[in-house]
Amino acid sequence: MGSVIGSFLNVVIYRMPLGLNISKPKSRCPVCETPIQTRDNLPILGWLLLRGKCRTCQAPISVRYPIVEALTGLFFLLLYIVLVHSGGQFLPYRTPNQFGGSYQILEGRTWDLIALDVYYSYLFIVLLASAYIQYDGQVIPRRLLIWCFVIGLGAGAVIPELHPVPAMISAQSELLKSETLLNELYNYGTLHVGIEVETLKTLVWGLIYGVITGVLFCWPVLFKPESVSPLAPRTMWLFVLAGIYLGWQQVVTLGFLAAFSLFCFELSSLRNKHLLLRLPASAFIVAILTSLLLFGKYMIVLPFHMSYLSYLLITGIQVVAIPVLTGVSQSIHLKRIPQSKNTGPDFN
């Protein structure tokens, strides 16, 4: 299923920035314009059987197509294993199901995890498509971002289980044993459709911190839209979406780790002017997002992990470090890729 969606994602990445219809016409060779047959359009396998060439004109087919399909399929599989099959073992804050594997699935105790799986998977494919679009030197289409924004707010507002980490968490403990038992008996595996105040608070805080994190991350180009930078236009939107889907705690961690990864990359490639010059910052955002979705329990800090003062200190350091790291990364980028000698595409 993931590879099939990845195949469609290739169409979105190519057509949507050009304003083309993503459903019609059928996929075809860009050289001879021969429609691709169904047997040749199988994810990954079709490219391998054709040996990376068009069946009609023998024009090469980019290896990126099976790579996107493989990445999407692999992510869908891993997310299902660590989220649904494990009974939520890797989710931050949420107490895992008592049983894992097929037993709890057959009992119907994973509907909340299945919904969360779909919710997170949609965020992942939108950000993955955005990263590839920016890699091609294109601007992320507004409709791609707006649809993700609307679906995230709409579904998140009416299904409380889509936000396992609330905006406000007590610094004393995770859950009392009695509350854990009640959740295990009555709540786990069910979906409660309805608007709750706590859910709306989580969405609002996630949206606010998503905007703040996006501004802090992209500040070097907010007032210089024409400067050469790995921070492509509308990169800030990716943090807004992450804040809505994941909550404010995880979007801060996402911003810090993505900024740190970008800084390490720019620093390591300072003396190599030909090393992945076209890699946008969104690539690091997607990489860190993937890690958070799979192993978020071990990557974010919550109040009950330490004293409240220590928690505020660590969160504050992360927030302050984001603009510092991206600012230094921008300076290094300009130093190793002077505008007068820049041979790569301008992301702005």
Side-chain angles (χ1 to χ4, degrees), residues 92-93 123 127 130-131 134 165 167-169 171 205-225 227-270 275-276 279-337 347-348:
Y93 191 70
L123 174 66
L127 264 64
S130 300
Q134 290 187 339
V165 183
M168 303 298 176
I169 299 177
W205 278 104
L207 177 60
I208 292 173
Y209 270 84
V211 173
I212 293 174
T213 304
V215 170
L216 293 177
F217 192 92
C218 300
W219 75 268
V221 296
L222 287 181
F223 305 103
K224 296 180 180 179
S227 39
V228 176
S229 173
L231 303 171
R234 298 177 186 168
T235 299
M236 189 183 79
W237 267 87
L238 305 185
F239 290 103
V240 175
L241 297 177
I244 293 173
Y245 281 76
L246 302 181
W248 75 268
Q249 299 95 334
Q250 296 193 71
V251 76
V252 170
T253 302
L254 173 65
F256 169 71
L257 293 178
F260 181 74
S261 301
L262 177 63
F263 167 75
C264 291
F265 166 76
E266 293 293 343
L267 189 63
S268 63
S269 57
L270 180 60
L275 177 62
L276 297 176
L279 196 62
S282 53
F284 302 99
I285 297 173
V286 173
I288 300 301
L289 174 75
T290 302
S291 301
L292 280 174
L293 294 179
L294 295 177
F295 308 109
K297 182 177 182 178
Y298 305 104
M299 296 181 65
I300 69 170
V301 178
L302 296 175
F304 53 78
H305 291 152
M306 58 188 66
S307 67
Y308 201 72
L309 181 60
S310 300
Y311 170 73
L312 291 178
L313 181 62
I314 291 178
T315 303
I317 290 175
Q318 289 181 333
V319 171
V320 172
I322 293 173
V324 174
L325 290 171
T326 53
V328 174
S329 299
Q330 169 76 350
S331 300
I332 296 175
H333 188 85
L334 293 176
K335 183 180 295 185
R336 72 183 183 91
I337 310 177
F347 286 114
N348 295 283

Rounded to the nearest 0.5 Å, what separation is found between the [atom1] atom of [X] and the [atom2] atom of [Y]?
X: Trp205; Y: Ile244; atom1: CH2; atom2: CD1; result: 15.5 Å
X: Leu216; Y: Gln318; atom1: CG; atom2: CD; result: 12.0 Å
X: Phe217; Y: Phe284; atom1: CZ; atom2: CZ; result: 9.0 Å
X: Tyr245; Y: Leu207; atom1: OH; atom2: CG; result: 12.5 Å
X: Ile300; Y: Thr253; atom1: CD1; atom2: OG1; result: 6.0 Å
X: Leu238; Y: Ser130; atom1: CG; atom2: OG; result: 5.0 Å

Any side-chain heavy-atom pair from [X] and [Y] closer than 4.5 angstrom?
X: Leu246; Y: Leu289; value: yes
X: Phe256; Y: Val319; value: no
X: Thr235; Y: Pro280; value: no
X: Gln249; Y: Thr315; value: no

Look at atom OH of Tyr311 and say whether more than 12 heavy atoms of other residues, nucleotides or ligands are closer to it than 6.0 Å.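 Counting other residues, nucleotides and ligands, OH of Tyr311 exceeds 12 neighbours.
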Thr213 side-chain N/O to Gly210 backbone N/O, donor-acceptor pair under 3.5 Å: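 Absent.
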Taking Trp248 for its side chain and Tyr209 for its backbone only, find out whether a donor-acceptor pair lies under 3.5 Å.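 Absent.
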Over all heavy atoms of both residues, which pair between [X] and [Y] is shortest? Give the atoms and the distance, please.
X: Ile332; Y: Glu266; result: CG2-O, 3.4 Å
X: Val215; Y: Met236; result: CG2-SD, 3.5 Å
X: Leu231; Y: Ala281; result: CD2-CB, 3.6 Å
X: Ser329; Y: Phe263; result: OG-CA, 3.0 Å
X: Gln250; Y: Val165; result: NE2-CG2, 4.2 Å
X: Ile322; Y: Val252; result: CD1-O, 4.0 Å

Test side-chain contact (heavy atoms from CB on, under 4.5 Å) on Leu325 and Leu262; report intermediate values, then the result. CA-CA 8 Å; Leu325 290 171; Leu262 177 63; over 6 Å; no
How far apart are the C-alpha atoms of Gln134 and Ser282, what are their side-chain angles, what is the distance that settles it, and do they pass the side chain to side chain donor-acceptor pair (under 3.5 Å) test? CA-CA 8 Å; Gln134 290 187 339; Ser282 53; 2.6 Å; yes
Can you spot which of Leu334, Thr326, Val328 makes a side-chain contact (heavy atoms from CB on, under 4.5 Å) with Pro220?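 The residue from Leu334, Thr326, Val328 that satisfies side-chain contact (heavy atoms from CB on, under 4.5 Å) with Pro220 turns out to be Thr326.
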Does the side-chain contact (heavy atoms from CB on, under 4.5 Å) test come out yes or no for Phe239 and Ile285, once each step is laid out? CA-CA 9 Å; Phe239 290 103; Ile285 297 173; 3.5 Å; yes
